[in-house]
Amino acid sequence: MPEAFDHSIIQFLNADGSRAVGTGFAIAPRHILTCTHVLASVLGQDASQPIPSRTEITASLPLNPSLQTVKLTVQVSHPRVEQPDIHTVEDISLLEVIGTATLPHAPLTVLPDSGHHGHRFQTYGFNRQGGSWFTGTCAGVVAEGWIQLQVNNTSDENLNGLSGAPVWDQQANAITGMLVAKLRGNLKSYMIPVSRLLRAIPPDICNTNATPASPRSPAQQSRHTLLKTKLERLQAQYDLETRVEEQMRMEKLIADTQAALQQLE
């Protein structure tokens with residue numbers, strides 16, 4: 001994980017600055033992503049409505065040794081939707097830095113929906129002022145189009161304030177999504193994948209930050225197709241399997257196949 005990942009993470013506080021309400025991260029030297037409901041919490045507004053453009057917000061960068069605070073203005077805001085589906089672009093806001101300050105930013109990459117399954121991740125979010133690190137495993141895509149995450153070593157309460165945090169995929173070696181929600185009563189969280197994030201912001205920013213696909217030879221393309229087919233078949237079988245030992249065996253096969261795919265991608 002590059003140092004830029006840590007230095008790009010933004011903390012949002014409530015109106016009186018007494019508590020952390022969410023997280024954000026830089027995707028370009030002058031642009032930051034977060035969840036619309038995080039900004040609504042800062043401003044005391046309704047997250048089901050877009051945040052007005054040019055709204056100004058001050059945020060902090062607790063892990064950045066050279067920049068303590070930054071002033072931002074809202075550029076694009078997609079409101080939260082109560083029942084999103086796989087086609088919905090929602091709960092995403094883009095902010096721009098006011099003034100001359102620039103931010104470091106870690107790389108983004110787009111994975112296919114099936115490409116997240118079984119990948120290990122790290123993230124940093126502000127469940128408290130100052131924040132905390134979290135780790136876990138990606139489970140796969142759900143009906144909302146989000147990616148379900150299984151978070152390690154935490155409690156339901158400790159997940160509060162992580163919305164808007166970047167998710168660093170250890171296999172992809174890049175940011176593959178942004179935390180958006182949690183399901184109360186267990187340790188599951190959800191992220192919006194980068195493919196959906198890029199649909200929510202202007203193309204000129206997308207084009208400068210999305211990792212392009214590497215060109216492949218005909219032989220590599222053939223192997224890629226075979227591996228992708230194998231992975232989809234394994235994941236379908238895994239979803240139906242109920243025996244623990246067989247699930248463990250298949251998890252290893254899925255991880256090995258994903259690793260082989262990642263080398264080609």
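- Side-chain contact between H7 and P65 is present, with heavy atoms from C-beta onward closer than 4.5 Å.
- One finds the CG atom of L67 at 10.0 Å from the OG atom of S60 (value rounded to the nearest 0.5 Å).
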(request) Evaluate the side-chain contact (heavy atoms from CB on, under 4.5 Å) criterion for residues T36 and S77: first the C-alpha distance (whole Å), next the side-chain angles of each, then the deciding distance (0.1 Å), finally the verdict. (result) CA-CA 7 Å; T36 300; S77 179; 3.7 Å; yes

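- Looking at every heavy atom in both residues, P202 comes nearest to V76 through CD-CG2, 4.1 Å.
- Atom CD of E3 is surrounded by 12 or fewer heavy atoms from other residues, nucleotides or ligands within 6.0 Å.
- L95 and L43 fall within the same hydrophobic cluster, where Ile, Leu, Val, Met, Phe, Trp and Tyr residues are linked whenever their side-chain heavy atoms come under 4.5 Å apart, directly or through other members.
- I9 and L61 are assigned to two separate hydrophobic clusters, defined by single-linkage of ILVMFWY side chains at heavy-atom distances under 4.5 Å.
- One finds the CE atom of M178 at 4.0 Å from the SG atom of C35 (value rounded to the nearest 0.5 Å).
- In this structure, the side chains of V74 and L39 come closer than 4.5 Å at one or more pairs of heavy atoms.
- Taken from CD1 in I192 to CD in E144, the straight-line distance is 11.0 Å, to the nearest 0.5 Å.
- Between L111 and H119, the closest side-chain pair of non-hydrogen atoms falls below 4.5 Å.
- Of the residues R80, H37, H78, the one that meets the side chain to side chain donor-acceptor pair (under 3.5 Å) test with D91 is H37.
- The closest donor-acceptor contact from the side chain of T23 to the backbone of A165 lies at 3.5 Å or more, if one exists at all.
- Contact annotation: the side chain of Q171 approaches that of R120 to within less than 4.5 Å [non-hydrogen atoms, C-beta and beyond].
- By the rule that hydrophobic residues join a cluster once side-chain heavy atoms approach within less than 4.5 Å of another member, V180 and V42 end up as members of separate clusters.
- Under the side chain to side chain donor-acceptor pair (under 3.5 Å) criterion, D16 pairs with N14, S18, not counting sequence neighbours.
- Atoms CG and CD1, from L179 and I147 in turn, are 12.0 Å apart once rounded to the nearest 0.5 Å.
- Annotation: side chain of T73 is not in contact with side chain of T55 (no heavy-atom distance under 4.5 Å).
- The nearest pair of heavy atoms linking P2 to A106 is CG-CB, 4.1 Å.
- Looking at heavy atoms from C-beta onward, I27 lies out of side-chain contact with L197 at the 4.5 angstrom threshold.
- Ring geometry for W133 against F5 counts as parallel: the plane angle stays under 30°, on a 0 to 90° scale with 60° as the upper cut.
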(request) Might you work through the side-chain contact (heavy atoms from CB on, under 4.5 Å) test for T109 and V194, ending with a clear yes or no? (result) CA-CA 7 Å; T109 195; V194 165; over 6 Å; no

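- The backbone N or O of G130 lies less than 3.5 Å from a partner atom in the side chain of Q11, making a donor-acceptor pair.
- Side-chain contact between F134 and S189: absent, with no pair of heavy atoms (C-beta onward) separated by less than 4.5 Å.
- Using a distance-only test at 3.5 Å, with no hydrogens or angles considered, no donor-acceptor pair links the side chain of R196 to the main chain of E90.
- R30 contributes no side-chain N or O that, together with a main-chain N or O of I98, makes up a donor-acceptor pair within less than 3.5 Å.
- Under the 4.5 Å side-chain contact rule for hydrophobic residues, I175 and Y190 share a cluster.
- Contact annotation: the side chain of T123 never approaches that of F25 to less than 4.5 Å [non-hydrogen atoms, C-beta and beyond].
- A pairwise comparison of heavy atoms in H87 and R199 identifies O-NH2, 3.1 Å as the closest pair.
- Expressed to the nearest 0.5 Å, how far OG1 of T58 lies from CZ of F12 amounts to 10.0 Å.
- Heavy-atom minimum distance, A200 versus V89: CB-CG1, 3.5 Å.
- In plain terms, the two heavy atoms of I86 and G145 that are nearest each other are CG1-CA, 3.6 Å.
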(request) Go through the steps for V97 and L72 under the test side-chain contact (heavy atoms from CB on, under 4.5 Å), then give the verdict. (result) CA-CA 5 Å; V97 175; L72 308 167; 4.0 Å; yes

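- How far CD of Q170 is from SG of C138: 9.5 Å, rounded to the nearest 0.5 Å.
- Taken together through direct or relayed side-chain contacts under 4.5 Å among Ile, Leu, Val, Met, Phe, Trp and Tyr, F126 and L63 form part of one hydrophobic cluster.
- Smallest separation of non-hydrogen atoms from P104 and N64: CD-ND2, 4.0 Å.
- Side-chain contact of T137 with Q150: a donor-acceptor pair under 3.5 Å is absent, judged by distance alone.
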(message) Evaluate M191 against T176 for side-chain contact (heavy atoms from CB on, under 4.5 Å), listing each step before the verdict.
(response) CA-CA 9 Å; M191 74 174 187; T176 56; 3.7 Å; yes

